[in-house]
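Working notes, structure below.
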There are 2 protein chains.
Amino acid sequence: MSILPLIAHFESYIPLKETEKQLLEGRVTRRQIKRKQAILQEGFACRHYTFIVEGCFRMYAVDKKGTEHNLQFSAEQDWIADIGSFHAGRPSALFIEAIEPAVVLQIEKQDLYFLYTNIPKLDRIFKVIVENKYVELQNRVLQSISSTAQERYLTFLEQYPKLALRLPNTQIASYLGITPEFLSKIRKDIAS
Amino acid sequence: MSILPLIAHFESYIPLKETEKQLLEGRVTRRQIKRKQAILQEGFACRHYTFIVEGCFRMYAVDKKGTEHNLQFSAEQDWIADIGSFHAGRPSALFIEAIEPAVVLQIEKQDLYFLYTNIPKLDRIFKVIVENKYVELQNRVLQSISSTAQERYLTFLEQYPKLALRLPNTQIASYLGITPEFLSKIRKDIAS
DNA sequence: AAATAGGCTTAAACTAGTTTAAGCCCGACG
DNA sequence: CGTCGGGCTTAAACTAGTTTAAGCCTATTT
């Protein structure tokens, strides 16, 4: 069927045996997601690890004033989930929403745990995946405490050149932690 | 012998067999670190995963202007390492330095890889450890894009009440991404 | 005992980033 | 075809945070 992109993703870390690939079948669900459709809402536990086959998502929080803050964007061959909520089964404080029509492969908690036990190398694969994401996040924290908004914007453009074209600037501003008005000024300054 | 704190730490996740504990012996080195002594310096690859038995460390970067930026504090029962540099073997951009005299247990890359292969559950244990650290970091990113310096300071006090007493305010300011002068003002505002 | 250095505070002048408000453009939709 | 709403920009007034400079206190060195 259609979980090949996920198998390819895993095998970019460690090759799987045929029997292991077969275990994945039936534990993975393919879903189509519409633009602006949410796959996680504040107040609900995050029930899936979501692997993106096609499309683009954002993860965001809403503060007391109702302002949205984009924590993360994820696109093809990437994962998105509220890891804390997923494992603890606790209500999430976050939303995850499609920015574009998307195709995803989802694994539920019980299935993921089954897979961890029956395909031990998945523990290692996910360890490496999370380590890589940790390093990314650490660089972002470093930037946030040491760089100006303009520097952060330029880094964003370098790091996610494709994403920058696909996203409205308001979303980028929210990710950078600045107002759209100020991003507009930054863009003007850069252009001149 | 003296690696018991590390065994206890691992067993807080998953119990180990006697044979597995014995594998750890000889792959773990105990070291005493003096105040202000560095265990990682910019330009060198990070060669160890360091588990803190006693004491307190900070991880920081130095920018072009020579200003230090504290990325992370770690104390007892916690790990500290530049994960990216460690795995890639590439020169680190970071420093790790003891804030207080410390006792640590260190594992070198080749030994950690040996242990991953011979104690498969270590893959799972470290997966969970990194997941937890990822969630912490994500919360910090969220704060950095959505909260004022005062809110971030109050959160820091709540989250690390012990650390706040052990650290000079200049170090805390550097962690929060503000100047010591402004932290001083925040403290005055809070007190009144 | 004097000298030095680091950590904390205050304050005045400055700059980075926000807020409020308005105007423009374009695509969606009745 | 008009109008409605969202995304982008500009600008003026404001606020959060920095810079520079100075002073004070305590701990350490000489």
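Just so it is clear, the model here is predicted, and its values are computed rather than measured. Proteins get letters first, then strands, A, B, ... in listed order; numbering begins at 1 in each.
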* Residues in salt bridge (Lys or Arg N to Asp or Glu O under 4.0 Å) contact with B:R58, at least two apart in sequence or another chain -> B:E68, B:E97
* Structure fact -> For A:E158, the salt bridge (Lys or Arg N to Asp or Glu O under 4.0 Å) test, sequence neighbours excluded, returns none
Could you note down all residue pairs passing salt bridge (charged side-chain N to carboxylate O under 4.0 Å, His left out) where [range] supplies at least one of them, sequence neighbours left out?
range                       : result
residues 160-180 of chain B : B:E76-B:R166, B:E100-B:R166
residues 173-192 of chain B : none
residues 135-145 of chain A : none

* Ion pair B:E108/B:R27, N-O distance below 4.0 Å -> no
Output all residues satisfying ring pair (Phe, Tyr, Trp, His ring centres under 6.0 Å) with [X], sequence neighbours left out; order by chain, then residue number.
X      : answer
B:F126 : B:F10, B:Y49, B:W79, B:Y116
A:F73  : A:Y175
B:F114 : none
B:F44  : none

* Compute the bend angle of the helix from C:dA1-D:dT30 to C:dG30-D:dC1 from the end axes (five pairs per end), rounded to 10°. => 30°
* **Nucleic acid footprint by protein, nucleotides 9-28 of chain C - heavy-atom cut-off 4.0 Å, B for base, S for sugar-phosphate alone** => BBS-----BBBB--------
* What's the NZ-P distance between A:K36 and D:dG5, to the nearest Å? -> 14 Å
* Rounded to the nearest angstrom, tell me the gap between atom CD1 in B:I99 and atom C1' in C:dG7. =>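 Rounding to the nearest Å, CD1 of B:I99 and C1' of C:dG7 are 15 Å apart.
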* **Within residues 154-165 of chain B, residues whose heavy atoms come under 4.0 Å of DNA chain D** => none
